[in-house]
Amino acid sequence: MGDSVSTDHDWPEPVVPVQSIADSGAAFIPTRYVKPPADRPTAATGRQLDIPAVDLGHLAADDPAKRQAATRAISDACRDWGFFQAVNHGVDGELVRAVAAVWSDFFHLPVAEKKKLANSPTTYEGYGSRLGVEKDASLDWGDYFFLNLLPKSARNHDKWPKLPLTCRETTEEYGRQTVKLCGAVMKALSVGLGLHEGFLEEKFGGEGGAGACMRVCYYPKCPQPELTLGLSAHSDPGGLTVLLAADDCVPGLQVRRGHEWVPVRPLPGALIVNVGDQIQVLSNATFKSVEHRVVVNAMTDRLSIAFFYNPNGNLLLEPAKELVTLECPPLYHPMTFNQYRQYIRKNGPRGKAQVESHRIIYNNSYA
Ligand code: OGA
Ligand code: NI
C-alpha cells in the first residue's frame, strides 16, 4: 500500500526488539519496561476462577434445544465475562498447529532478518515492538507481527514474511476458517440481543464488507517478569478477537474480573474468543469488551496469535436503534472504526480509556 519504506525514524525513537534484550542475557530489564507497582503482576489470589468454555459444535446440532443452549452460553459469557474458550470451534486442528508452527519459525529467525520487515506507525503492518508513538513511553515486554487479511484489497503481501515458505498460504487459510468461526459467534450474539441472526454481520458491512487483521505476539522470556507486562491492560478496539495461545501450557493471558486478574488456562485445542469495543458499542454495553493483559515469565518464550474481526472501517457505528429506549438511551457517540483505531495506535494500550471516552454523558440519573 502507499506507505513509504518504514524505518526506525518513523517511530519517536529507535525500536529495540525485546528479543534482542532477552538474548543479550541481561539479568535486569531496562527501566523503560518496569511498570508502576500498581500495574505489576500480582501473585495468584488462590481462588481459581476460569472463563466459561462453550462447545461450538452444538450450534450446528440437530436438536434445537442444544443449539439454543449453545447460543445462550455464548451470549451469557460475552455479557458476564466478555470472554470464553471455544472448543469444537470448527477451525481444523492440523491447521491450528501449522499456523502456530510457521509463526514460531518466523520468530526464531535472526532479529536482523525480521527487521527487514520492520513496521511503521502509519499502518503497523510488519514486525514491531511497540504500540503507540509517544516518546519515552513505558514499553511492554513483547514483539509482534501485524498484518491485514480483510478486505482482500488491504492485504499487502510485500509486507508479509517470505519465510517460512508456507507462511502466506497457512495464514490465509487460518484466516478463512477463523472468519467462519467469527460468523457463527456473531449470529449467536445477534440472537442473544433479541435481533435477527444477521444483525451484527450487517452492521459490520455485510457480505465481504468486514475487516480482519492479525497480530502474532511473541513474548521472549524475561529476567524480571514480576516487574513488567508482556502486554499492558487494554480492551481490543475491534469487533471480535480469536486468540490462539500457541504454547497452551505456557500461561500469560489474564482477564479482568472486578478487581481481580483471572489467568486464562487454555484447554487443549481451544481458541479464546473475546468481545471488542465495537460490539460493546453496537450492543449498547449488553456485551462487554473486557480488559486483559499478558504477564511474562523467566522460563519460556510464549507465542500467541490474535485474530481480529472488525467492522468495515468506513461505516458509522453506534448503539443499535433497536436496543435503545427512553429508559435505555444510547451510551456511545457514533464513530467509524477507522477513526476509532487511531487511538490505540497513537497512545498504546490504555485499559478501557478509549471506549469510556466515547460515552455520552447524561445529566439525569438513569444512564
Ligand atoms: C492482543 C492480546 C493476548 C495474548 O494482541 O490484543 O490481547 O495472549 N493478546 O497475546
Ligand atoms: Ni487484546
Side-chain angles (χ1 to χ4, degrees), residues 18-19 39 41 51 78 81-86 96 99-100 103-104 106-107 119 124-132 139-149 174 178 182 211-222 225 228-256 261-267 270-280 287-297 300-310 337 340-341 343-345 347-355:
V18 174
Q19 187 189 358
D39 294 344
I51 62 170
C78 292
W81 283 86
F83 267 81
F84 66 92
Q85 301 213 35
V96 169
V99 78
W103 284 101
S104 170
F106 172 77
F107 276 100
N119 72 350
Y124 271 89
E125 290 169 288
Y127 176 61
S129 296
R130 64 183 285 162
L131 275 168
L139 297 177
D140 289 341
W141 193 264
D143 300 327
Y144 63 86
F145 195 96
F146 182 86
L147 55 85
N148 289 318
L149 279 162
Y174 180 74
T178 309
C182 292
C213 52
M214 222 169 85
R215 203 173 102 98
V216 186
C217 311
Y218 176 64
Y219 306 100
K221 55 183 174 223
C222 176
T228 191
L229 291 168
L231 183 54
S232 290
H234 66 283
S235 61
D236 292 340
L240 279 180
T241 305
V242 177
L243 186 88
L244 161 56
D247 311 294
D248 48 21
C249 43
V250 184
L253 178 63
Q254 300 186 335
V255 173
R256 190 196 272 287
W261 288 101
V262 176
V264 173
R265 296 180 289 178
L267 299 165
L271 292 169
I272 296 149
V273 180
N274 68 281
V275 169
D277 294 346
Q278 304 310 309
I279 286 186
Q280 175 167 324
F287 299 125
K288 310 286 186 317
S289 119
V290 169
E291 266 181 279
H292 49 287
R293 67 180 189 181
V294 175
V295 301
V296 289
N297 74 87
T300 33
D301 303 349
R302 177 172 176 271
L303 183 85
S304 67
I305 300 179
F307 175 91
F308 303 108
Y309 191 62
N310 297 328
F337 181 54
Y340 191 88
R341 64 159 38 161
Y343 181 96
I344 192 166
R345 293 186 167 191
N347 300 302
R350 295 268 170 101
K352 289 209 65 169
Q354 182 181 16
V355 69

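All residue numbers refer to positions in the sequence shown, counting from 1. In each ligand, atom 1 is the first atom listed, and ligand 1 is the first ligand listed.
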* To do: Kindly write out the residues that satisfy ring-ring contact (aromatic ring centres under 6.0 Å, His included) with W141, not counting sequence neighbours, or none if the list is empty.
  => Y33
* Asked: Mind checking what makes ring-ring contact (aromatic ring centres under 6.0 Å, His included) contact with Y218, not counting sequence neighbours?
  -> F107
* Asked: Can you check whether R302 reaches C217 side chain to side chain, under 4.5 Å on heavy atoms?
  -> no
* Exercise: identify the closest heavy-atom pair between Y124 and R130 -> CE2-O, 3.6 Å
* Asked: With hydrogens left out, which residues have an atom under 4.0 Å from ligand 1, given that only heavy atoms count?
  -> R215, C217, Y219, L231, H234, D236, L243, L253, H292, V294, R302, S304, A306, F308
* Asked: Hey, which protein N/O/S atoms does the Ni ion (ligand 2) have under 2.8 Å?
  -> H234 NE2, D236 OD1, H292 NE2
Quick one: does [X]'s side chain have a donor or acceptor within less than 3.5 Å of a partner on [Y]'s backbone?
{"X": "Q278", "Y": "F337", "value": "no"}
{"X": "Q354", "Y": "Y340", "value": "yes"}
{"X": "E291", "Y": "R256", "value": "no"}

* Asked: What is the distance from atom CG of L244 to atom CE of M214, rounded to the nearest 0.5 Å?
  -> 9.0 Å
* Atom OH in Y219, atom CG in D247: separation rounded to 0.5 Å? -> 11.5 Å
